[in-house]
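Working notes, structure below.
Note that the structure is a prediction, hence the values are computed from the model and not measured. Numbers here are sequence positions counted from 1.
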Amino acid sequence: MSAPIPTAPAPPAAPAPPAASAHDHGAHIRSVELERLVFFSDAVVAIAITLLVLELKLPDTLAPPYEQSFRRALLGLAPMLLSYVFSFFLVGMYWFAHHRIFRYVRRWDGGLVAHNFHFLAWVALLPFAVMLMGRFGGLRTAVVAYGAIQFMLGIAQWMLWRHASRDHRLIDPDLDPAFVRFVAARSLVLPAVALLSIAIGLVAPAVWMAWWAYIVSWPAQRLLARMFGRSGERPTAA
């Protein structure tokens with residue numbers, strides 16, 4: 001009787017890949033939802049900032065002499081162009097501030113979504129504000145209406161940050177509390193400037209003086225940064 005033929009031992013089984021934990025899956029879902037919220041916000045701001053230029057319209061027909069009529073039409077667009085430049089600058093500041101806020105947001109809840117929609121509702125109203133400034137900028141009521149929209153837009157952004165940063169519940173837990181207060185104070189600069197514009201528009205002898213109040217927005221934010229001792233953003237605590 002022949003001896004049994006020895007067989008080679010079976011190779012060891014490859015280790016199974018580690019299963020993703022429920023915590024990792026939940027963190028991934030939260031990250032995706034935050035990205036969707038930011039992308040949607042960017043889209044609304046992009047549409048609003050594009051619609052600003054639609055108020056720059058020339059007449060469909062010109063009366064002779066055509067060259068002079070065309071020049072007058074171009075000069076007539078000056079108020080609308082000034083309104084466009086002002087509003088484009090302000091929307092850019094709001095978008096940049098919104099971008100900085102969500103740089104530190106790590107979680108979301110229904111309140112954050114609601115506050116973000118509140119902010120976007122006022123962003124979508126900006127083309128109407130540009131029309132008010134461009135067509136009726138010499139009227140005090142237009143100054144008040146434009147300033148009220150800008151004020152509510154700034155307050156909505158402040159409320160968004162306030163909701164996210166209260167007790168560090170939705171933001172990076174390592175953020176310096178002084179930095180949290182700095183961002184909140186910076187969010188109130190544009191609403192304060194809007195109130196200043198309204199006040200100037202109501203009491204100044206020339207209504208156009210009120211529009212130039214918005215020029216101080218950028219210097220005011222730089223001054224605030226100096227007051228908080230921040231030449232740049234150093235958000236984490238030492």
CZ/Arg162 to CD1/Ile101 distance, rounded to the nearest 0.5 angstrom?
13.0 Å
Do the side chains of [Y] and [X] get nearer than 4.5 Å, heavy atoms only?
X: Leu132; Y: Thr141; value: no
X: Leu160; Y: His98; value: yes
X: Phe119; Y: Met159; value: no
X: Val45; Y: Phe40; value: no
X: Tyr94; Y: Leu153; value: yes
X: Asp176; Y: Phe182; value: no

Could you report the tightest heavy-atom contact between [X] and [Y], atom names first, then the distance?
X: Ala124; Y: Pro127; answer: O-CD, 3.3 Å
X: Val207; Y: Gly137; answer: CG1-O, 3.6 Å
X: Thr50; Y: Ala46; answer: OG1-O, 2.7 Å
X: Ala164; Y: Val105; answer: CB-CG2, 4.3 Å
X: Ile149; Y: Ala129; answer: CD1-CB, 3.8 Å

Suppose the criterion is salt bridge (charged side-chain N to carboxylate O under 4.0 Å, His left out): which pairs have a residue in residues 130-148, not counting sequence neighbours?
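Of all non-adjacent pairs touching residues 130-148, those that pass salt bridge (charged side-chain N to carboxylate O under 4.0 Å, His left out) are Glu55-Arg135.
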Donor-acceptor pair, side chain of Arg186 and main chain of Ala225, under 3.5 angstrom
no
According to the ring pair (Phe, Tyr, Trp, His ring centres under 6.0 Å) rule, which pairs have a member within residues 151-175, sequence neighbours left out?
His115-His163
What residues form a ring pair (Phe, Tyr, Trp, His ring centres under 6.0 Å) with Phe70, not counting sequence neighbours?
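Ring pair (Phe, Tyr, Trp, His ring centres under 6.0 Å) check on Phe70 returns nothing, list empty.
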Distance-only check: which donor-acceptor pairs under 3.5 Å involve side-chain atoms of residues 77-92, not counting sequence neighbours?
{"unit_1": "Ser83", "atom_1": "OG", "unit_2": "Val130", "atom_2": "O", "d": "2.9"}
{"unit_1": "Ser87", "atom_1": "OG", "unit_2": "Ser83", "atom_2": "O", "d": "3.0"}
{"unit_1": "Ser87", "atom_1": "OG", "unit_2": "Tyr146", "atom_2": "OH", "d": "2.8"}

Using a 3.5 Å cut-off and no angle test, enumerate the donor-acceptor pairs between side-chain atoms of residues 190-200 and protein atoms at least two apart in sequence or in another chain.
{"unit_1": "Ser197", "atom_1": "OG", "unit_2": "Ala210", "atom_2": "O", "d": "3.1"}

Going through the distances and angles, do Asp42 and Trp95 end up as a side-chain hydrogen bond (donor to acceptor under 3.5 Å, both in side chains)?
CA-CA 8 Å; Asp42 287 347; Trp95 175 85; 3.0 Å; yes
Which residues pass the salt bridge (Lys or Arg N to Asp or Glu O under 4.0 Å) test with Arg36, not counting sequence neighbours?
Glu33
